[in-house]
Amino acid sequence: MERRRVGILGATGTVGQRFVQLLERHPWFEVAWLAASDRSAGKTYREACAWKLDTPMPQRVAEMVVQPNTPAAAGGALPKIIFAALDTDIARELEPQFAAAGCAVISNSSAFRMTADVPLVVPEVNGDHLSLLESQEVRRASGGYIVTNPNCSAIGLVLALKPLEQRFGIESLFVSTMQAVSGAGYPGVPSLDILGNVVPFIRNEEEKMQEEVGKLLGRYTGSAVDPLSAKVSAHCNRVAVIDGHTECVSIKLKTPATRDEVLEAWRSFRPLDGKQFPSAPDTPVIYTDAPDRPQPRLDVNAGNGMSTTVGRLRPCTLLDWKFVLLSHNTLRGAAGAAVLNAEVLARSGKLPKDAA
Ligand SMILES: NC(=O)C1=CN([C@@H]2O[C@H](COP(=O)(O)OP(=O)(O)OC[C@H]3O[C@@H](n4cnc5c(N)ncnc54)[C@H](OP(=O)(O)O)[C@@H]3O)[C@@H](O)[C@H]2O)C=CC1
Ligand SMILES: N[C@@H](CC(=O)OP(=O)(O)O)C(=O)O
């Protein structure tokens, strides 16, 4: 099968680099266009990018020239599939321009996640919400649209919550995060602030987690999403870990469940089984019995960085159950999530085609 041409907006950043890494050997997509800020435009990718991953920068991409950040500048070379990894304010300005130019914008940023007609999607959790894009006005006008994936802490959390919500219902939950420094992009948090330290504040993070969980676990009514009514309270903290967000969760269920029933809900959660998407992990939620796991150093790459690892399920004296989860913030929490969304869109015939 011929690979589809794709572009990356924000290609030089933390998430942009993950896109380059993941797409280099992707069976369906091939990077054909890269853009970043004016600081980078006109340079080769090798010159513009401070590559921080532990695999080599792909040679072919290293030699590509970073393009200006507008669809007009790309002209006929603009791919119709754009992975976007832009800061929120810039995404708010640029993503609609690319959608209006007929592109499927598959976005990581929070700019449009809560917009009513923009799907906020994790395929294992709420793939049916993708139908929202049919009502985007821009799609009717240009064939383009915006689809988003969630905040990196919300993604790991909803993967663990979905099997519980569908079997038992969720009344309320309390979550406290320990988030890796790569979550803040590059160069991110100054070393003097984070080494040997914990910073108990990440701007807007608690609000995003709370509202995004509601939309992700909400019900698609045929024209809109009815958010989950559960009460969600989040505490978000930055810790001196490179990759991997750890979350301590306490949960109250609507229908009481035994420990075995909760474990069985996680074990049997295989919503994409048999669908063979290249980026989908075999097991989206992995439960570990080890008393001191999950740990970022040991578990962050589970399922190629696309699985959530859950452990330490035990009774909670305030709510019903408590547990710990870990997920990779730049893979499952960002670039990997967007690539999986694109695979689902490709399979359903919803990706616009380049002009012949
Ligand atoms: N890091 C993470 O774990 C996660 C991040 N996200 C979200 O993804 C987005 C990107 O984050 P991250 O990669 O960490 O951020 P970085 O700061 O590491 O990268 C930002 C990217 O945006 C580019 N950029 C900046 N200004 C412009 C502009 N005016 N026009 C075009 N490109 C521009 C930068 O290019 P240049 O090099 O030229 O400055 C760079 O490529 C953010 O919205 C973030 O919240 C989502 C989930 C997880
Ligand atoms: N704010 C997250 C990264 C992220 O996902 O942000 P956003 O919701 O803007 O995509 C972190 O610092 O770890």
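Indexing begins at 1, ligand by ligand and atom by atom, following the structure's order. Each residue takes its place number in the sequence, starting with 1.
Remark: among candidates E205, K208, E207, the nearest residue to atom 2 (C) of ligand 2 is E205, based on non-hydrogen atoms. When G183, G185, A184 are ranked by how near their heavy atoms come to atom 3 (C) of ligand 2, first place goes to G183.
Of the N or O atoms in S182, one or more lie within a sub-3.5 Å distance of an N or O in ligand 1. Inclusion of G16 in the set of residues having an N or O under 3.5 Å from an N or O of ligand 1 is not warranted. In terms of polar-atom proximity, I90 is not counted as a contact of ligand 1, lacking any N or O under 3.5 Å from an N or O of the ligand. Checking only distances, S110 never comes within under 3.5 Å of ligand 1, N or O to N or O. An N or O contact shorter than 3.5 Å links R39 to ligand 1 by distance. Looking at C152 next to ligand 1, no N or O pair under 3.5 Å apart turns up. Annotation: A184 places no N or O atom under 3.5 Å from an N or O atom of ligand 1; distance criterion only.
If you check which protein heavy atom lies closest to atom 5 (O) of ligand 2, you get C152 SG, 2.9 Å. For atom 12 (O) of ligand 2, the closest non-hydrogen atom on the protein side is R238 NH2, 2.5 Å.
Of all atoms in ligand 1, numbered sequentially from 1 with element shown, those under 4.0 Å from a heavy atom of Y186 are 17 (O), 18 (O).
Within a 4.0 Å radius of atom 7 (C) of ligand 1, the protein contributes at least one heavy atom. For atom 45 (O) of ligand 1, the nearest protein heavy atom lies 4.0 Å away or farther.
Only side-chain heavy atoms of N69 come within less than 4.0 Å of ligand 1; its backbone N, CA, C and O stay farther off.
Between E261 and R167 there is no salt bridge, since no side-chain N of the basic residue sits under 4.0 Å from a carboxylate O of the acidic one.
Using modelled atom types, one finds a donor on one side chain and an acceptor on the other under 3.5 Å when comparing Q59 with E63.
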